[in-house]
Amino acid sequence: MKVLAAVFAFRLLLMGDMGYTPAPEEIPFSEPEQVTVTIHSENPSETDKYQLSFDLPENWEWFGSGSITTGDIPFREAGKFAIERSETFPIYSPELFQGYFYGIPAEQSSGILTNGLSYISFSSSVTVEGPQLTASPYRSGKQYYYNILLPDNKNYAKIVFTLYEEDPDDYFTTHLQPLLDSIEIISLD
């Protein structure tokens, strides 16, 4: 094997300028810092469409091109099953969204974000993965269901956020609140 390598190296030396040229350095793919989702009414007769965008917190990414779901990069790299951080629903409605699982006690709050958008939110503790999925102990989290009032002042865009039990105590303040404050909603009509 060493002889073959030496012959190959000698042949390259003889070829002079036709020798090996290293490939140009690969440019790493970088994710845009903002996610944009077009949302529309569930009623086909309504033509209003809105564009909702927000800044991605550090170490978040979205799943696929034009996706509505973001995930946690360190959790993905660690091989965790549950990595989802947010999901923006592309359909708006006048109904308040209280969560995936009805019957789970939820805390309600409302207010106005620093960007001037009004919201009503619900939060509840959930199991984000369990032994049936990962053969590991249960992993808990807290989900926040944000209903952001649209410019028509009668319908809501819906976003769900997930905090995990291993997140630092200030994760909402350092990651979710800046995201919420960065939300922009514009009418596409």
Phe89 and its side-chain contact (heavy atoms from CB on, under 4.5 Å) partner, picked from Leu52, Val160, Asn147
Val160
Could you tell me whether Asp170 atom CG has more than 12 heavy atoms of other residues or ligands within 6.0 Å of it?
yes
May I ask you to check whether [Y] and [X] place their ring centres under 6.0 Å from each other?
X	Y	result
Phe122	Tyr145	no
Phe75	Tyr164	yes
Tyr144	Phe172	yes
Tyr156	Tyr92	no

Do the non-hydrogen side-chain atoms of [X] and [Y] ever get within less than 4.5 Å of each other?
X	Y	value
Asp55	Leu179	no
Ser53	Glu184	yes
Tyr50	Asp152	yes
Leu117	Ile112	no

Roughly how far, to the nearest 0.5 Å, is [atom2] of [Y] from [atom1] of [X]?
X	Y	atom1	atom2	answer
Tyr119	Ile159	OH	CD1	13.0 Å
Ser110	Leu149	OG	CG	11.5 Å
Glu84	Thr162	CD	OG1	5.5 Å
Ser123	Gln143	OG	CD	10.5 Å
Ser93	Lys158	OG	NZ	4.0 Å
Ser125	Lys142	OG	NZ	5.5 Å

Any donor and acceptor pair, going by atom type alone, linking the side chain of Asn115 with main-chain N or O of Leu180 inside 3.5 Å?
yes
Worked check of side-chain contact (heavy atoms from CB on, under 4.5 Å) between Phe54 and Thr88
CA-CA 11 Å; Phe54 55 83; Thr88 305; 3.7 Å; yes
Quick one: sort the Trp60 and His175 rings into parallel, tilted or perpendicular, breaks at 30° and 60°.
parallel
Across all chains, not counting sequence neighbours, the side-chain hydrogen bond (donor to acceptor under 3.5 Å, both in side chains) partners of Ser86 are Thr70
Taking NZ, NE, NH1 and NH2 as the nitrogens, is one of them in Arg76 or Glu61 under 4.0 Å from a carboxylate oxygen of the other?
yes
CA sep, side-chain torsions, deciding dist, call: Ile39, Leu150, side-chain contact (heavy atoms from CB on, under 4.5 Å):
CA-CA 10 Å; Ile39 53 177; Leu150 292 171; 3.9 Å; yes
Determine, step by step, whether Glu58 and Thr174 satisfy the side-chain contact (heavy atoms from CB on, under 4.5 Å) criterion, reporting the C-alpha distance in whole Å, the side-chain angles of both residues, the deciding distance to 0.1 Å, and the verdict.
CA-CA 9 Å; Glu58 183 179 348; Thr174 61; over 6 Å; no
Looking only at heavy atoms, what is the nearest atom pair of Lys80 and Ile83, with distance?
O-CG2, 3.5 Å
